[in-house]
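Following: one structure in structure tokens, then a few remarks.
These figures come from a predicted structure and were not determined experimentally.
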Amino acid sequence: MNLISEDTDPSEGRAVARPATAVPAPNRVTFNRLELNRILNLYGRMVADGEWRDYAIDFMKDRAVFSVFRRASEVPLYRIEKDPRLARKQGMYSVISATGLILRRGHELERVLLVIDRKLAVV
């Protein structure tokens, strides 16, 4: 005798019987879509100029880091960091040079990226 009606999907019964083994991912700091779009627009322009060639994105528990490289085998030229713990203090966004010097820190990503974003100059 068939206990499953014709209207139900046979895989539904098996999915219910299986215990949930999926562990939720730990909370991590990430860049949202607008932030990542702004960073990648800058990255694309600098690649077109021939200055940057590679990047890496790290999402950690306490901060998110976008690293920019001239070559993949070198240390990053710049690190764009988002650290929410500093949101009420100095600002959660910062641009850090290869030597570890904080070039600019602030509350708005647009303003922080101005330190490495060269505008077109009229000649």
Side-chain angles (χ1 to χ4, degrees):
M1 175 176 228
N2 190 359
L3 297 176
I4 300 175
S5 70
E6 295 176 5
D7 295 335
T8 62
D9 184 19
S11 62
E12 288 178 2
R14 285 180 277 167
V16 172
R18 254 185 282 166
T21 58
V23 177
N27 290 338
R28 294 184 182 196
V29 178
T30 60
F31 293 108
N32 65 30
R33 181 177 293 228
L34 295 175
E35 294 165 342
L36 201 54
N37 188 29
R38 174 63 180 104
I39 293 170
L40 288 174
N41 282 338
L42 171 62
Y43 174 78
R45 280 187 276 125
M46 296 301 252
V47 167
D49 289 344
E51 294 190 26
W52 297 350
R53 292 200 177 132
D54 201 7
Y55 72 92
I57 302 176
D58 297 315
F59 299 127
M60 297 175 259
K61 288 184 179 183
D62 60 339
R63 66 181 187 254
V65 181
F66 187 95
S67 302
V68 177
F69 298 88
R70 182 170 290 141
R71 291 183 185 83
S73 61
E74 296 179 351
V75 297
L77 291 174
Y78 299 105
R79 290 188 332 252
I80 302 164
E81 293 191 1
K82 177 182 178 180
D83 192 346
R85 294 176 299 170
L86 300 174
R88 293 185 168 219
K89 297 178 182 174
Q90 302 160 341
M92 74 170 128
Y93 302 106
S94 59
V95 174
I96 303 170
S97 70
T99 59
L101 178 67
I102 298 175
L103 300 176
R104 185 171 286 178
R105 179 175 280 160
H107 298 282
E108 299 172 9
L109 182 62
E110 284 286 329
R111 295 187 57 129
V112 170
L113 291 179
L114 288 176
V115 73
I116 53 177
D117 188 6
R118 290 184 302 174
K119 297 293 180 190
L120 297 174
V122 177
V123 179

Membership question, hydrophobic clusters at under 4.5 Å side-chain separation (ILVMFWY): are [Y] and [X] in the same one?
| X | Y | result |
| --- | --- | --- |
| Tyr78 | Ile57 | yes |
| Phe69 | Ile96 | no |
| Tyr93 | Met46 | yes |
| Val65 | Val115 | no |
| Trp52 | Leu103 | yes |

Rounded to the nearest 0.5 Å, how far does [atom2] of [Y] lie from [atom1] of [X]?
| X | Y | atom1 | atom2 | answer |
| --- | --- | --- | --- | --- |
| Phe31 | Asn37 | CZ | CG | 13.0 Å |
| Arg105 | Asp83 | CZ | CG | 8.0 Å |
| Arg45 | Asp49 | CZ | CG | 8.5 Å |
| Arg63 | Arg85 | CZ | CZ | 7.5 Å |
| Asp62 | Asn27 | CG | CG | 12.5 Å |

If I compare all heavy atoms of Ser67 with all of Pro76, which pair ends up nearest, and what's the gap?
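Looking at all heavy atoms of both residues, the shortest contact is CB-CB, 3.9 Å.
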
Of all heavy-atom pairs linking Val29 and Lys82, the shortest is CG1-O, 3.8 Å

Surrounding OH of Tyr55 (heavy atoms of other residues, nucleotides or ligands, distance under 6.0 Å), is the total greater than 12?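 12 or below, so no.
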
- Query: For Glu81, which residues count as a side chain to side chain donor-acceptor pair (under 3.5 Å) partner, sequence neighbours excluded?
  - Reply: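 Result, side chain to side chain donor-acceptor pair (under 3.5 Å) vs Glu81: Arg79.
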
Mind listing the side-chain donor-acceptor pairs of residues 106-114 below 3.5 Å, one per line with the distance, residues two or more places apart or on another chain?
{"unit_1": "His107", "atom_1": "ND1", "unit_2": "Ala87", "atom_2": "O", "d": "3.1"}
{"unit_1": "Glu110", "atom_1": "OE1", "unit_2": "Arg38", "atom_2": "NE", "d": "3.1"}
{"unit_1": "Glu110", "atom_1": "OE2", "unit_2": "Arg38", "atom_2": "NE", "d": "2.8"}

Is any side-chain heavy atom of [X] less than 4.5 Å from a side-chain heavy atom of [Y]?
| X | Y | answer |
| --- | --- | --- |
| Leu77 | Glu51 | no |
| Leu42 | Phe66 | no |
| Ile116 | Val68 | no |

